[in-house]
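Data first, discussion second: the structure below is written as structure tokens.
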Amino acid sequence: MCGVKLWHQWRHGIRNTELRRRLKMESLDQLVAARKLRWAGHVARMGHERLPRRFLTSWIRNPRPHGRPQFTYGHSLNKTLEW
């Protein structure tokens with residue numbers, strides 16, 4: 001990360017959190033959340049005829065089959081907003 005090799009981190013006992021704090025970098029979770037919210041805002045401003053907007057606002061009547069994860073993009077977006 002920024003010229004600091006993993007070997008150097010290991011030898012000197014530098015943790016990733018400490019390195020990010022020193023370099024004033026966001027964590028990967030924060031970066032992904034910001035990108036997800038930015039994309040959702042972009043889609044929200046689209047017209048209703050656009051395909052990404054139709055995918056996010058559509059509703060499927062049939063339930064998911066057994067063994068399929070119930071966590072959807074909408075659920076992950078709500079979780080990001082709560083964070």
Side-chain angles (χ1 to χ4, degrees):
M1 192 181 315
C2 295
V4 179
K5 304 289 183 198
L6 184 61
W7 178 83
H8 186 78
Q9 280 184 269
W10 177 77
R11 182 173 172 120
H12 296 287
I14 303 171
R15 298 200 174 263
N16 283 337
T17 54
E18 178 64 21
L19 191 58
R20 279 196 307 270
R21 186 187 63 76
R22 287 182 189 179
L23 297 173
K24 297 181 175 102
M25 294 177 65
E26 294 179 344
S27 70
L28 189 60
D29 293 335
Q30 292 171 336
L31 183 66
V32 168
R35 296 273 175 106
K36 191 184 299 185
L37 291 175
R38 185 181 305 146
W39 188 79
H42 176 70
V43 171
R45 290 187 299 273
M46 286 182 181
H48 289 282
E49 70 281 351
R50 300 281 306 271
L51 196 57
R53 176 74 182 261
R54 288 172 55 191
F55 279 140
L56 283 182
T57 58
S58 64
W59 184 259
I60 299 173
R61 291 191 175 111
N62 298 334
R64 290 175 178 249
H66 292 289
R68 180 122 174 141
Q70 296 294 321
F71 201 68
T72 62
Y73 184 77
H75 289 117
S76 72
L77 193 58
N78 286 335
K79 188 176 178 181
T80 302
L81 288 171
E82 290 172 0
W83 189 47

Q.
Within this structure, what is the CG-CH2 distance for the pair Leu77 and Trp39, rounded to the nearest 0.5 Å?
A. 9.0 Å
(Q) Nearest 0.5 Å, please: how far is CG in Leu81 from NZ in Lys36? (A) 9.5 Å
Q: For Arg54 and Glu49, work out which heavy atoms get closest and say how close.
A: CD-O, 3.5 Å
Q. When rounded to the nearest 0.5 angstrom, what distance separates OG1 in Thr17 from CE in Met25?
A. 12.5 Å
Q.
Tell me if a side-chain donor or acceptor on Arg53 pairs with a main-chain N or O of Ala44 at a distance below 3.5 Å.
A. yes
Q | Members sharing Phe55's hydrophobic cluster (side chains within less than 4.5 Å) | A | Leu51
(Q) Is there a continuous path of hydrophobic side-chain contacts, each under 4.5 Å between heavy atoms, that joins Val32 to Val43? (A) no
Q.
Under 4.5 Å between side-chain heavy atoms, counting indirect links through other Ile/Leu/Val/Met/Phe/Trp/Tyr residues: same cluster for Ile14 and Trp7 or not?
A. no
**Q.** side chain to side chain donor-acceptor pair (under 3.5 Å) involving Arg21 - partner list, sequence neighbours excluded
**A.** Glu18
Q: Could you tell me which residues satisfy side chain to side chain donor-acceptor pair (under 3.5 Å) with His75, sequence neighbours excluded, listed by chain and number?
A: Thr72
Q.
When you group the ILVMFWY residues by side-chain heavy-atom contacts below 4.5 Å and let the links chain together, are Leu37 and Leu31 in the same group?
A. no
